Structures are given as structure tokens and as C-alpha cells.
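Have a look at the structure below, then the notes.
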Amino acid sequence: MNIELITFFIFSTLLIFTCFKVITSTNPVLSAINLVFSFFLSAVLWLLLGAEFLSIILILVYVGAVMVLFLFVVMMLDINVAKKTAAYIKYLPLGILIFIAFNALIIYFFINTFENIDYNAIKNIEIISDSNTENLGYLLFTKYIIEFEIAGLILLLGIISAIVLTYKKNPKNKFQNPTSQISANKKDRLKIITGLKE
Amino acid sequence: MIPISYYLILSTIIFTLSIAGIFLNRKNILVLLMSLELMFLSVNFNFIILGNYLGDLTGQVFVFFVLTVVAAESAIGLALLIVLFRNKKSIDVDDLSELKG
């Protein structure tokens, strides 16, 4: 047992445990907190796999932004918790069945397929430097530059659609409607009255 | 070096746990979205594992894009959830079925 294997076993056991807690806890806040823990644990496992940049990004982006968003929504919505026993028991056998069946299928496939490949024979790494971040940045800004731009567009789309969906018009607001402002012309606004004499 | 099947079995267990979570948490769409996040996590795990073992950085580039798309997806999903709660006062999946077919 070397140190790498011990680290892997400790963190993977904790990861499976927290994932189990995410799907079984009755309170959504506890689910979100356990999801944060599972992201931290998988960041450690990604470090073990040599993906340093992505493990930091996972903590910064996921725990820092997405999970905070989740927690905000959990606390904004006024949900009555701990009322899900009936549906839970109804769907529990199906859930367990699907868990076991999928696991058996995929693990059988993995054990039979991936053990017999000589991974050293097909290595084609493009090493620029020792730094994982530098290699990843080189690939992102040269080979995958168009995909990088498209990812930015997708984020813009996310911003716009989230604002449009949740925006609620307040009748007290006294802001101007640009469409009607532009479409107004002189005839509608200005009336010249002639022929009046005192 | 850790055998690759250990990592792959770990990601498979996470994936199947999140599938079971989608089946179990019918009362709460929020936990359903969290199960979806776990599913994306296991897919990213697979990309990084196989990228590491093949000695190819393209897997990590792919994970980068998946993270981008998931961030946009969860923002839109939570916005939809808020609109849903505003209109229905509930986030139960069974309350959503309006078509009586």
C-alpha cells in the first residue's frame, strides 16, 4: 500500500458517502452542503490525477459560484421540508434496482475492457512546460480557440436568459419604454391650433 | 500507479447514485438539479481519468467546456425553478403535470 492508493481509498469512500447523503437527506440545505463537500473531495482526486488547474477551478467556480447560487435559491424558496416519505418509499425499490443494474453493467464492461490496453503505447502528449495550467492554456488558445469563444457566448446566453426569466415588472417603477419613445413622431405629440381669436 | 478500473468504478458509482437520486427525489426539483450536478461531476471524472491514462490533455480541455456549459445550465435551471415556484407555489414534480392524457 503506497501513499497514493491510501489517499485514493480515503477520499473515494468519503466521496461516495457524501454523494449518498446528497440524494437521501430530507433537508435541501443539507443536500447542498453535502454536494459542496463532494466537490471538495473530487477536487482532491483530480489533483491526484494531475489536473491541478481544473481542481482549483472546480472549487472556485462550483463551490464559489454555482453552489452559492443553489443555496440562495434554497433559502429564497419557502419549501416545507421532511414531507416526502410516501413518494420516497414508493420509488425506493426502483431506485435500488436501477443502481444495482447500472453498476453491474458498467463495471463488468470496464473490468473486461480497460485492463488489457497498453496505455504507454498510445501516449501523444504535447508538452510545452511542466505546468499543467500552461499546457492547458496553450491548447485552449491555439487549437480550441473557436470553442473557447463559443463557451463565452454560452455564458452570455446564460446571463441573458436568467435575467429575462426572473425579471418581474414593478408598476411603481418610472422608467421609460424605449420602443414607444422611438416610435413617437411629431403628429402624435404636437397639435397646432389656428384660428383662435380673443 | 492506481489501476484505471478503480477510478472508473468510482465514477460509475457516483453516476448511478445520481440516477437513483433522480428517481427518489420526486418531491423536490432542487435536489433533482443537484443530482444532475453530480452526474456532470462523474462525467468530468471520466474525461480526466482517461485523459490522464492516455497522456492527452484534450480531456481536460473538454472538462473546461463542460464546466462552462454546466454553469450556464444551472443558472437557467434555477431561474426556471424560481419562475415555477412563483406561479405554482410548489416545486413538486407531480404538481407540474397539467396535461391530462
Side-chain angles (χ1 to χ4, degrees), chain A residues 4-5 8 12 15-16 19-20 22-23 28 31-32 35 38 42 46 49-51 54 57 61 65-66 69-70 73-74 77 79 84 87-88 91-92 94-96 98-99 102-103 106-107 110-111 114-115 119 122-126 135-136 139-140 144 147 151 154-155 157-158 161-162 165-166, chain B residues 1-10 12-21 23-28 30-31 33-35 37-38 41 45 48-49 51-58 60-61 63-65 67-76 78-83 85-86 91 94:
Chain A
E4 205 179 341
L5 208 59
F8 171 76
S12 58
L15 180 58
I16 291 170
C19 290
F20 185 72
V22 168
I23 67 164
S31 289
L35 196 54
S38 71
S42 50
W46 288 9
L49 281 165
L54 284 170
I57 282 295
V61 173
V66 176
L69 200 69
F70 263 94
V73 172
V74 170
L77 304 181
I79 313 159
K84 61 178 188 180
Y88 211 78
Y91 291 115
L92 191 63
L94 190 65
I96 292 172
I98 281 171
F99 179 72
F102 265 85
N103 259 329
I106 301 177
I107 288 171
F110 278 160
I111 286 174
F114 286 93
E115 285 301 311
Y119 289 99
I122 44 178
K123 274 199 190 304
N124 58 344
I125 192 162
E126 302 156 59
N135 287 332
L136 200 62
L139 263 183
L140 266 179
Y144 297 99
E147 288 87 341
I154 287 171
L155 282 179
L157 189 80
S161 52
L165 279 170
T166 53
Chain B
M1 195 130 180
I2 303 166
I4 186 171
S5 52
Y6 288 10
Y7 275 117
L8 290 173
I9 285 168
L10 173 68
T12 307
I13 288 172
I14 298 171
F15 191 78
T16 44
L17 267 178
S18 54
I19 288 176
F23 275 91
L24 291 179
N25 290 296
R26 289 296 187 84
K27 282 279 164 197
N28 199 341
L30 206 61
V31 185
L33 277 175
M34 287 180 201
S35 303
E37 298 282 329
L38 273 185
L41 183 80
F45 239 111
I48 286 183
I49 294 157
N52 182 31
Y53 276 82
L54 294 172
D56 200 342
L57 268 179
T58 317
Q60 295 189 17
V61 175
V63 171
F64 190 85
F65 294 132
L67 285 182
T68 315
V69 173
V70 169
E73 175 260 353
S74 61
I76 297 173
L78 289 171
L80 280 173
L81 187 67
I82 286 177
V83 175
F85 186 75
R86 216 182 262 161
I91 52 169
D94 296 329

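Below, all heavy atoms of this structure are taken into account, side chains as well, without hydrogens, waters or symmetry copies. What you see is a predicted model, and the numbers here were worked out from it, not measured in a lab. Proteins come first, then strands; the chains are lettered A, B, ... in the order of their sequence lines, and each starts at number 1.
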Checklist entry - So which heavy atom on B:M34 is nearest to which on A:S31, and how close? => result SD-CB, 3.6 Å

Next on the checklist: Quick check for you: among A:I154, A:V66, A:I57, which has the greatest number of heavy-atom pairs under 4.5 Å with chain B?
Outcome noted: A:V66

Item to check | Under 4.5 Å from any heavy atom of chain A - which part of B:S35 | outcome: side chain

Next on the checklist: In terms of relative ring orientation, are B:Y7 and A:F8 parallel, tilted or perpendicular, with 30° and 60° separating the classes?
Outcome noted: perpendicular

Checklist entry - Based on non-hydrogen pairs under 4.5 Å, which of A:I98, A:L54, A:L140 is most in contact with chain B? => result A:L54

Checklist entry - Is the number of heavy atoms from other residues, nucleotides or ligands within 6.0 Å of CZ (A:F102) greater than 12? => result no

Checklist outcome for this item: Shortest non-hydrogen pair, B:E37 vs A:L35, comes out as CB-CD2, 4.3 Å

Checklist entry - Testing A:V73, A:V74, A:L165, A:L77 for side-chain contact (heavy atoms from CB on, under 4.5 Å) with B:L78, which one passes? => result A:V73

Checklist entry - Got a second to check how far B:I2's CD1 is from A:L5's CG, nearest 0.5 Å? => result 5.5 Å

Next on the checklist: Need one label for B:I76: side chain, backbone, both or neither, based on atoms under 4.5 Å from any heavy atom in chain A.
Outcome noted: both

Next on the checklist: Testing the basics here: between B:V31 and A:V22, what is the closest heavy-atom pair and its distance to 0.1 Å?
Outcome noted: CG1-O, 3.9 Å

Checklist entry - So how far is it from B:L57 CG to A:Y144 OH, rounded to the nearest 0.5 Å? => result 9.5 Å

Next on the checklist: Report which part of A:A65 has an atom under 4.5 Å of a heavy atom belonging to chain B: side chain, backbone, both, or neither.
Outcome noted: neither

Next on the checklist: Would the distance check show the side chain of B:N25 and the main-chain N or O of A:I23 forming a donor-acceptor pair, the cut-off being under 3.5 Å?
Outcome noted: yes

Item to check | Atom group of B:F64 that falls short of 4.5 Å from chain A, counting heavy atoms | outcome: both

Checklist outcome for this item: In terms of heavy-atom contacts, B:F23 and A:G95 come closest through CB-CA, 4.5 Å

Checklist entry - Among B:I19, B:V83, B:I13, which residue forms the greatest number of heavy-atom pairs with chain A at distances under 4.5 Å? => result B:I13

Checklist entry - What part of A:I96 gets closer than 4.5 Å to chain B, counting heavy atoms only: side chain, backbone, both or neither? => result neither

Checklist outcome for this item: Comparing A:A162, A:G50, A:S42 against chain B, the one with the most heavy-atom pairs below 4.5 Å turns out to be A:S42

Next on the checklist: To check you understand the geometry: which heavy-atom pair defines the closest contact between A:C19 and B:L38, and what is its length?
Outcome noted: SG-CD2, 3.7 Å

Item to check | Side chain, backbone, both or neither of A:L136 within contact of chain B (heavy atoms, under 4.5 Å) | outcome: both

Checklist entry - Would a 4.5 Å heavy-atom cut-off, applied to side chains only, mark B:F45 and A:L15 as touching? => result yes

Next on the checklist: How close do B:S74 and A:F70 get, counting heavy atoms only, and between which atoms?
Outcome noted: CB-CE1, 4.3 Å

